[in-house]
There are 2 protein chains.
Amino acid sequence: MKIGKLAARSGVSVRALRYYEERGVLVPDRTPSGYRVFTPADVRRVAHIQTLLAAGLRMQLIREILTCLSGESLLLDECRERLAAERRRISGDIDRLIRTRSLLDDLLAGGHSGT
Amino acid sequence: MKIGKLAARSGVSVRALRYYEERGVLVPDRTPSGYRVFTPADVRRVAHIQTLLAAGLRMQLIREILTCLSGESLLLDECRERLAAERRRISGDIDRLIRTRSLLDDLLAGGHSGT
DNA sequence: CTAAAGTCTCACGTCAATGTCAGAGTCAAG
DNA sequence: CTTGACTCTGACATTGACGTGAGACTTTAG
């Protein structure tokens, strides 16, 4: 499919998809006239990208992670470690958010306490 | 205390503190010569700002929230609702992060599944 | 009192992920 | 074969929270 269709199906803008390619996260084929051609699997790939972006990962890192996977599930140890590191980072973010939520709870309760 | 000391004690840059004032989140006094003068309480205030920033809140919103509190805990209903709304947003973020972490777990496990 | 350190106010630079616009080629339909 | 819709490649604009440097004033230490 061409870029417009992928944009519609994945819910992201055409510009964003081009940007993903520019950063090497998407690697579409090309028609002889230069049009990008994506596969149905790219819809899921874009969904993954969105999920990881929403979690605060940089494109560079997302690229590395998804590149690891493109190698047909033969995750090298280096890749596993990278994924694990991000998992830890996200767990940290979750903890911090939970503490932040507690702070808001304190504020709602009228307290002026810690962190 | 002056801005350098507050920066040292709160662990943020002098520039950031000036920025916070510019956005109305900090409102320091001034010496006759124009130097900003902060109170010890501002250390905690800055800590709160950092926490909320890390949670993805905009300065504008942080300002409103902290302004609500400056009114000496007489939280107007409007303010409570604002805080509650942010609490909900943060809970949503937490849920999304947890799902993202699950995605990473799937990837680590070798699966190619959904969102 | 002098030099160093700290602070002041502009004001432009930065980074990341897009938005937006320009000018031009391409493709499906009538 | 001509619209009109879609796509292409630049390239500059945007947003938010600062970084960084210039030029000038103030305060502190010796």
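Below, all heavy atoms of this structure are taken into account, side chains as well, without hydrogens, waters or symmetry copies. Just so it is clear: chains get the letters A, B, ... in the order the sequence lines come, proteins before strands, and each one is counted from 1. Given the structure is predicted, the values throughout are model-derived calculations rather than measurements.
A:Ile49 has its CD1 atom 15 Å from the C1' atom of C:dA16, to the nearest Å. Rounding to whole angstrom units, CG of residue B:Leu6 and C1' of C:dT7 are separated by 14 Å. A:Leu57 places its CG atom 14 Å from the P atom of C:dA16, with the value rounded to the nearest Å. Computed from coordinates, the A:Leu61 CG to C:dA16 C1' distance equals 14 Å when rounded to whole Å. Rounded to whole Å, atom C1' of D:dA17 lies 10 Å from atom CD1 of B:Ile62. Taking atom CZ of residue B:Arg30 and atom C1' of nucleotide D:dT26, one finds them 14 Å apart after rounding to whole Å. For B:Lys5 and C:dA5, the NZ to P distance is 18 Å, given to the nearest whole Å. Distance CD1 (B:Ile3) to C1' (C:dG6): 11 Å, rounded to an integer number of Å.
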List the atom pairs, with distances to 0.1 Å, where a side-chain N or O of residues 81-88 of chain A and a protein N or O form a donor-acceptor pair under 3.5 Å, not counting sequence neighbours.
residue: A:Glu81; atom: OE2; partner: A:Arg88; partner atom: NH2; Å: 2.9
residue: A:Arg82; atom: NE; partner: A:Glu64; partner atom: OE1; Å: 2.1
residue: A:Arg82; atom: NH2; partner: A:Glu64; partner atom: OE1; Å: 2.7
residue: A:Glu86; atom: OE1; partner: A:Arg89; partner atom: NE; Å: 2.8
residue: A:Arg87; atom: NH1; partner: B:Asp105; partner atom: OD1; Å: 2.7
residue: A:Arg87; atom: NH1; partner: B:Asp105; partner atom: OD2; Å: 2.7

Under 3.5 Å, which donor-acceptor pairs link side chains of residues 6-15 of chain A to any protein atom two or more places apart or in another chain?
residue: A:Ser10; atom: OG; partner: A:Leu6; partner atom: O; Å: 2.6
residue: A:Ser13; atom: OG; partner: A:Ala16; partner atom: N; Å: 3.0

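The backbone N or O of A:Pro40 lies less than 3.5 Å from no partner atom in the side chain of A:Arg45, so there is not a single donor-acceptor pair.
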What pairs of nitrogen or oxygen atoms, one from the protein and one from nucleotides 19-24 of chain C, lie under 3.5 Å apart?
residue: C:dG19; atom: OP2; partner: A:Ser13; partner atom: OG; Å: 2.5
residue: C:dG19; atom: N7; partner: A:Arg15; partner atom: NE; Å: 3.4
residue: C:dG19; atom: O6; partner: A:Arg15; partner atom: NH2; Å: 3.2
residue: C:dT20; atom: O4; partner: A:Arg15; partner atom: NE; Å: 3.0

Protein-nucleotides 25-29 of chain C N/O pairs closer than 3.5 Å?
residue: C:dG25; atom: N2; partner: A:Tyr35; partner atom: OH; Å: 2.8
residue: C:dT26; atom: O4'; partner: A:Tyr35; partner atom: OH; Å: 3.1
residue: C:dC27; atom: OP1; partner: A:Ser33; partner atom: OG; Å: 2.8

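Residues B:Arg99 and A:Thr51 form no side-chain contact, since every pair of their non-hydrogen atoms from C-beta on lies 4.5 Å or further apart. Proximity of B:Ile65 to B:His48: side-chain heavy atoms (C-beta onward) are nowhere separated by under 4.5 Å.
Taking CG of A:Leu103 as the reference point, atom CD1 of B:Ile90 lies at 8.5 Å (rounded to 0.5 Å). Rounding to the nearest 0.5 Å gives a distance of 8.0 Å between CD1 of A:Ile49 and CG of A:Asp42.
By the side chain to side chain contact (heavy atoms under 4.5 Å, CB included) test, B:Val37 pairs with B:Asp29, B:Thr31, sequence neighbours left out.
Looking at B:Arg101 and A:Ser91, their side chains do bring a donor and an acceptor atom within 3.5 Å of each other.
Distances shorter than 4.0 Å separate none of the side-chain N or O atoms of B:Arg63 from OP1 or OP2 on D:dG16.
What you find for B:Arg63 and B:Gly24 is that their closest heavy atoms are CG-O, 3.7 Å. Of all non-hydrogen atoms in B:Phe38 and B:Lys2, the two that sit nearest each other are CD1-C, 4.2 Å.
For DNA chain D, the residues of residues 17-29 of chain B within the heavy-atom distance limit of 4.0 Å (strictly under) are B:Tyr19, B:Tyr20, sorted by number.
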